[in-house]
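Structure first, commentary second.
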Amino acid sequence: MTTRPSKRRKRRVVVTAGPTHEHVDPVRYLGNESSGKMGFELARAAAARGDSVVLIAGPVHQETPKGVKRVDVVSARDMLAATREAFERADVLIMAAAVADWRPKRRRAGKWREKDSGAEEATLELVKNPDILATLGRRKGDRLIVGFALETGGGRRRALAKMQRKNTDYIVLNDASALRADASTVLILGCDGSEVRLENRSKREIARRLVRLERPVSG
Ligand code: CTP
């Protein structure tokens with residue numbers, strides 16, 4: 001892992017943050033516990049370095065960092081569209097969002113009224129969401145791409161497989177204790193075999209470290 005000298009070119013950085021909400025009907029959705037904190041800290045850290053930053057945010061309560069262009073989205077498909085567009089002009093993509101893997105097969109126009117039938121059980125049909133990171137990883141070019149992995153136990157091997165499958169330069173592995181927390185322990189795995197562990201650091205500190213990542217030198 002290397003850092004650039006102080007005089008550096010302004011990079012165009014795209015960061016995704018927060019959860020996605022996958023609506024069942026106008027008032028209900030499938031979501032997850034992501035607060036968006038890590039992604040917002042990444043956007044803040046990149047902007048503070050002088051990078052031009054587009055932050056694509058799922059539904060979160062976070063203040064937009066100074067100098068950051070924020071695009072709000074709701075679902076994974078919205079996030080794919082917004083990220084794909086920003087990616088075209090980007091040098092760096094950091095996918096910190098906790099994108100829902102599944103969405104309801106159909107979004108009802110009115111409220112889902114399954115209970116009116118008196119049934120004690122109901123089934124929701126789900127379909128797979130697009131994998132944003134894998135989709136854009138296929139068009140990587142010479143961009144730097146950083147993905148995240150959230151594992152509930154170890155997970156280093158799965159994270160390495162993820163890096164390969166999604167064609168990223170780095171995967172940041174953290175565990176579920178990071179959700180909603182201010183601090184976290186992460187393992188930054190590089191496609192060059194590098195490994196850096198940051199133990200119990202604030203998300204701000206981790207973000208500052210991550211925005212300094214460079215494309216690993218192959219070979
Ligand atoms: N990701 C994505 N699109 C999805 C799902 C995930 O772009 N539909 C991205 C996330 O933003 C993250 C990485 O892929 O950078 C995480 O991959 P994922 O396979 O969801 O792994 P985990 O979050 O670790 O969870 P699991 O493997 O248990 O699904």
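Indexing begins at 1, ligand by ligand and atom by atom, following the structure's order.
Near Pro130, meaning under 4.0 Å from one of its heavy atoms, ligand 1 places the atoms 3 (N), 4 (C), 8 (N). The contact set between ligand 1 and Gly147, taken as ligand atoms under 4.0 Å from a residue heavy atom, comprises 15 (O). Within the listing of ligand 1, atoms 24 (O) sit less than 4.0 angstrom from a heavy atom of Ala149. In the vicinity of Met95, heavy-atom distances shorter than 4.0 Å reach the ligand 1 atoms 7 (O), 11 (O), 12 (C), 15 (O).
Rounded to the nearest 0.5 Å, atoms CG (Leu210) and CD (Glu205) are 11.0 Å apart.
If you check the side chains of Arg70 and Thr64, you find a donor sitting under 3.5 Å from an acceptor. Under 3.5 Å, the side chains of Ser35 and Glu33 contain no donor-acceptor pair of N or O atoms.
Taking atom 7 (O) of ligand 1 as the reference point, the nearest protein heavy-atom neighbour is Leu133 N, 2.8 Å. Atom 16 (C) of ligand 1 has Phe148 O, 2.9 Å as its closest protein atom, hydrogens excluded (heavy atom only). Nearest protein heavy-atom contact of atom 26 (P) of ligand 1 is Arg158 NH2, 3.8 Å. The nearest protein atom to atom 21 (O) of ligand 1, hydrogens excluded, is given as Lys162 NZ, 2.7 Å; this is a heavy-atom distance. Protein heavy atom nearest atom 19 (O) of ligand 1, with residue, atom name and distance: Lys166 NZ, 3.2 Å. The single protein non-hydrogen atom nearest to atom 23 (O) of ligand 1 is Leu150 N, 3.9 Å, given as residue, atom name and distance. For atom 11 (O) of ligand 1, the nearest non-hydrogen atom of the protein is Ala97 O, 2.7 Å. Among all protein heavy atoms, the one lying closest to atom 20 (O) of ligand 1 is Asp101 OD1, 3.9 Å.
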message: Is there a salt bridge (charged side-chain N to carboxylate O under 4.0 Å, His left out) between Arg156 and Glu195? Walk through the geometry before answering.
response: CA-CA 10 Å; Arg156 197 174 149 279; Glu195 284 193 20; 2.4 Å; yes
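Using a 4.0 angstrom heavy-atom cutoff, Ala159 does not count as in contact with ligand 1. The shortest heavy-atom distance from Met79 to ligand 1 is not under 4.0 Å. Residue Ala76 places no heavy atom under 4.0 Å from ligand 1.
With a 6.0 Å cutoff to the six-membered ring centre and a 45° limit on the axis angle, Arg143 counts as a cation-pi contact of Phe87.
Annotation: side chain of Cys191 is not in contact with side chain of Tyr170 (no heavy-atom distance under 4.5 Å).
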